[in-house]
There are 2 protein chains.
Amino acid sequence: MRPTEKKLAATLSQNGYKLTAQRRSVLGAIVSSHEHLTPAAVYERVKQDNPRVGLVTVYRTLELFSELGLICRVHGEGKSQSYTLAPIGHHHHMICSECGTVADFTDCDLSDLEERLSQETGFEIEGHMLEFYGRCSNCRSQVLSVTA
Amino acid sequence: MRPTEKKLAATLSQNGYKLTAQRRSVLGAIVSSHEHLTPAAVYERVKQDNPRVGLVTVYRTLELFSELGLICRVHGEGKSQSYTLAPIGHHHHMICSECGTVADFTDCDLSDLEERLSQETGFEIEGHMLEFYGRCSNCRSQVLSVTA
DNA sequence: ATGCTAAATGAAAATCATTTTCATTTAGAT
DNA sequence: ATCTAAATGAAAATGATTTTCATTTAGCAT
């Protein structure tokens, strides 16, 4: 289940936060995009919906949503943080380096590797980050149609 | 083989760069540390060796070394970039969240996962990023001895 | 050894993302 | 309808990184 308006309202009130127009706009901007968006990109989209929101609010809202598990951060590549919708539970991202589309996958199964590394190095492994980079099927099929 | 002064001199001249005191200092700072260091941290260390180097040069040198494959970036966690020594070839990092120590490992073997994801999603996978976070054996054994 | 020139450097200023501050507005409980 | 803590927006502050530009220097050519 993707976070909808109802999900947003429920999550916010469950955690003692208020449902505001700005928060609805920010969630809307992210839900309507398959790409990972930087705060600045979210801001641009949100402004079209509601010109009165400020960039600061976007930053604050993204952080809040991230804490609440509604969205999650995408790492790698660029130099500013990016966010995308969060599916439920542990998952990872495949990111298209051409169009920025993010695809999720859940079964990373690194436990064998973790165990072996743990034994070899004495590290107690508490978490990991895994991202794949490549070109999505859409971009692969459009190789010839876009000639810069 | 870890990059030594000789390796540095060879790599630089092979690529048309000059060997300077600053570059030797920066490499020295990184070689002498098992942790990943931010540019600011490298700067602090370098200054002890040679007070006349500027932070800007540290930035420039880290970027150059990174291009030349002498060092590599560590991602995740903090908000500023970090660098650590680069072993030869494809590898990944395990990072101790307590002391910052970085341990390398080379055999990530994600090919099965990559192939499956590629088939399922149509992505053409070109690269990945994998980091483990945890506590190194050293920090684990010092649980009781350091009472803040 | 000496001069030459492009590369490298340092200091200051510029840029860019992000955070803080604080006065004003507002959601949602009463 | 009222109230109050939470939320917001604008501006300023911060912090990391990059750019600019005048000066210095490594390493080649004498």
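This structure is a prediction, so every number in the text was calculated from the model and none was measured. By convention in this document, chain letters (A, B, ...) are assigned in the order of the sequence lines, proteins followed by strands, and residues within each chain are numbered from 1.
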*By a strict heavy-atom criterion of less than 4.0 Å, which residues belonging to residues 42-69 of chain B are in contact with DNA chain D?*
B:Val56, B:Tyr59, B:Arg60

_Atom-pair distance (CG on A:Leu19; C1' on C:dG28), nearest Å_ = 11 Å

*Of all the choices, C:dA8, C:dA27, C:dT18, which nucleotide is nearest to the side chain of B:Lys18 once you look at every atom?*
C:dA8

*Just by distance, with hydrogens left out, do A:Ser13 and A:Asn15 show a side-chain donor and acceptor under 3.5 Å apart?*
no

*In whole angstrom, give the distance that lies between atom CG of A:Asn15 and atom C1' of D:dA7.*
16 Å

*Do B:His93 and B:His91 have ring centroids that are under 6.0 Å from one another?*
yes

*Quick one: do the A:Asp109 and A:Ser111 side chains pair a donor with an acceptor below 3.5 Å?*
yes

*May I have the distance from A:Tyr17 (atom OH) to D:dT8 (atom P), rounded to whole angstrom?*
12 Å

*Could A:Arg24 and A:Asp49 be called an ion pair, given the rule that one side-chain N must be under 4.0 Å from one carboxylate O?*
no

*Mind checking whether B:Phe132 and B:Phe105 have ring centres under 6.0 Å apart?*
yes

*Judged by atom type as modelled, is there a donor-acceptor pair below 3.5 Å linking the side chain of B:His36 to the main-chain atoms of B:Thr84?*
no

*Using atom CZ of B:Arg23 as one end and atom C1' of D:dG27 as the other, report the distance to the nearest whole Å.*
13 Å

*Any B:Thr20 side-chain N or O less than 4.0 Å from OP1/OP2 of C:dT9*: yes

*asked:* Whole angstroms only, please: what is the CG-P distance between A:Leu12 and C:dG28?
replied: 9 Å

_Would you say A:Gln22 places a side-chain N or O within less than 4.0 Å of OP1 or OP2 belonging to C:dT26?_
no

_Check the orientation of B:His90 and B:His128. Use parallel for under 30°, tilted for 30 to 60°, and perpendicular for over 60°._
perpendicular

*Nearest-Å distance, CZ (B:Arg24) to C1' (D:dT25)?*
13 Å

*For B:Glu98, enumerate each residue passing the salt bridge (charged side-chain N to carboxylate O under 4.0 Å, His left out) test, keeping only those at least two apart in sequence or located in another chain.*
B:Arg135

*Could you tell me, to 10°, how much the axis swings from one end of the helix from C:dA1-D:dT30 to C:dT30-D:dA1 to the other, five pairs per end?*
30°

_A:Ser25 versus A:Asn50, side-chain donor and acceptor atoms under 3.5 Å_ = no

